[in-house]
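Working notes, beginning with the structure itself.
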Protein chains: 2
Amino acid sequence: MKSVGIISEYNPFHNGHLYHAQQSKLQSQADVSIALMSGNFVMRGEPALFNKFIRTQMALSAVDLVVELPTIASLSSGDYFGEMAIKLADYLDVNTISFGSEHGNINALKEAAKQVLDLENSDAFKSKLKEGKSYPRIINELIQHQSTNDILQSPNNILSIGYLKGIQQFAPQIEAITIYRDTAQHRDQKIQHQQFASGSSIRQSIIHHHSDWENVVPEAIKSLYHSHFTTVEHAFPYIKHQLLTQRISTLKTIYTMSEGLENRLISMIKDAHSFKDLLTKVKTKRYTYTHIQRVLMNVLLNIQQCDIKHDISAARILGMNENGRAYLKYLKRHFPERHFITNINQSSSAYFSNEIKATHIYNLMSQQFDDDFNTPVIKI
Amino acid sequence: MKSVGIISEYNPFHNGHLYHAQQSKLQSQADVSIALMSGNFVMRGEPALFNKFIRTQMALSAVDLVVELPTIASLSSGDYFGEMAIKLADYLDVNTISFGSEHGNINALKEAAKQVLDLENSDAFKSKLKEGKSYPRIINELIQHQSTNDILQSPNNILSIGYLKGIQQFAPQIEAITIYRDTAQHRDQKIQHQQFASGSSIRQSIIHHHSDWENVVPEAIKSLYHSHFTTVEHAFPYIKHQLLTQRISTLKTIYTMSEGLENRLISMIKDAHSFKDLLTKVKTKRYTYTHIQRVLMNVLLNIQQCDIKHDISAARILGMNENGRAYLKYLKRHFPERHFITNINQSSSAYFSNEIKATHIYNLMSQQFDDDFNTPVIKI
């Protein structure tokens, strides 16, 4: 069976995602589409607006199989996120990866990825890194092609480069296709288009109990968007508690914590009265909002440097339709030594300890009760 | 100036405490009375019902000076609590310590304390300890006087023994007096007496918004009992978060954590929906409720074995009346090298880091805002 993998967060799912999924299957001519989806926490450093079980149901309106990305990858920047997503795709025997990009030309993106990868392995890069220069600055100084530099200015292009680097390094047999993504639309904070809108604008609409999100999500699954939602503010009291009680030596070992940021967080937390307030207080030129948010989610989940793994030892299936189930049978037959887990129990839980922990924390802070043990794989 | 020290928690202050304070000053013939009072967390392993600033105001209706006991001592069992209370009293040049007891005869209590202390230093005791026997069991096996064994059956007698052992070891110049305390009354869960009631029964009355507590607290400070109150249930979500996220190796180092209790807590926390529910699930013959509660408060505050100190390096004055202020002047004149701190600022904060942390956590979980920095010493 020919398969296409879509690296996704669906936070929440919208018409743009539906279009992407349809185009991906069409252009790749795949028999089955697989969403490799972030669980309860997403890459922008937030709890997902809706929990992973609800987002799985949303995703199944467009794809055949939903598989959970490792939580640590979901709370990482592009490179590690890309590496783990590609390794998971490879574990699932995915033939083609399809992603959105502002550029839209896969050959140009591939060429840019190759240049960045070569650069990272060069002596010039390594010596500049030793000088203490930041990664983006070095890339900017060393990349010789203006076209590549242009590509690196857009967020989805950068993600694409991460995936393509992952493919080149860890699974060169995987093909890649890209679907053009409108930049302006992606950055919108308000819903302006009749049919398509950015994830940000949809989240804002839902959080503020407006109704304009209704036009930009698939009609058939509209009721799911009325589910209980969770924001960074639900996480704030727990993050404050952690920052007030943890030793500085422990905070230093938190995954993605930059040198010295722990001191800044400790000094700002005492008077911070909300997540947004803390972000405003901590922000400097040195740290992006996304970076600070990711660090805070890693504080919330107590994810430490030593938790980082580079292998996929099992895949968690969150949901499937008939077609997805057929593919899962195919996988189990062809890869009997691999672990494709549809239901978490005592013996399978060891593979997903971070995901189980993340769900417990997600539920604690948002007063929800669907966890990895009591929620069976979603079948439609 | 002759001074009497009262080791107290005032959780909350009631007519029994008023009577004790009056009798203490009378019987000791002291010029000044000093409450050595637990801060925002108390020995039974709970947040104090009212915060330490409110309880200071309550205490000043009966005593002249209120000084905060170290938080770690307040979350410890009798021996370390007694040691630190006596050392703090010594630091404050207290002449007489006055405590309530079910026995009421200071000489019998002193004799019992001496026997227990001798026993603890004996070879027989040490070898039985090596055999793995519990402290109460060894004492029970080795104490030869039935009268001492009888004394050790009542909670306030045991506390008294702790103070008297502290005096014998660390400040033998301090005198001790005891005021008789009615046992039955102390154990009451409901308010039954017209004028006196147990702390437990008063807390229950306040928590359930009854009004029978009004008869058993001093008329002049009644309005203070309508303040915002805090219970273990306010602490529960944060304790759950800690138990879900902390590594087992970290939980093992939590102060007062008994061997293996961390495993039991971790396995029970996932399905626990309240503090009371968690206690019921975790309780076995091996652990008393108070022990489990204290462990949970140490988890909440992330107090570790290595935080334990055995010296008093400063005293925090929470409140005073005119008489207390005169005594403070006397102390500053006679002990210029000691630190008597009325207001916390950057330089004095280092002495009280645990107390400041405890207040931040107390405020976070109960949504209060009076902290150690913004609340000046209380003067009446």
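Just so it is clear, the model here is predicted, and its values are computed rather than measured. Chain letters run A, B, ... following the sequence lines, proteins first, then strands; residues in each count from 1. The figures here come from the full heavy-atom set of this structure, side chains too, leaving out hydrogens, waters and symmetry mates.
Residue contact with chain A, scored on non-hydrogen atoms closer than 4.5 Å, involves the side chain of B:Asp307 exclusively. When heavy atoms are compared at a cutoff of 4.5 Å, B:Gln242 approaches chain A solely by way of its side chain, counted from C-beta outward.
Qualifying ring-ring contact (aromatic ring centres under 6.0 Å, His included) partners for B:His228, counting only residues two or more places apart in sequence or in other chains: none.
For a heavy-atom cut-off of 4.5 Å, chain A lies close to B:Lys270 in residues 253-272 of chain B.
Chosen from B:Leu300, B:Thr250, B:Asp371, the residue pairing most often with chain A at heavy-atom distances under 4.5 Å is B:Leu300. Chain B forms more heavy-atom pairs under 4.5 Å with one residue of A:Ile356, A:Leu301, A:Asn363, A:Asn302 than with any other, namely A:Asn302. The choice from A:Lys240, A:Met365, A:Arg247, A:Gln304 that makes the most heavy-atom pairs within less than 4.5 Å of chain B is A:Arg247.
With a 4.5 Å cut-off on side-chain heavy atoms, B:Thr245 and A:His360 do not count as touching. A 4.5 Å side-chain heavy-atom check between B:His241 and A:Pro237 finds every atom pair outside the cut-off.
Within 6.0 Å of NZ on A:Lys309 lie no more than 12 heavy atoms contributed by other residues, nucleotides or ligands. In this structure, A:Lys379 places its NZ atom where only 12 or fewer heavy-atom neighbours from other residues, nucleotides or ligands lie under 6.0 Å away.
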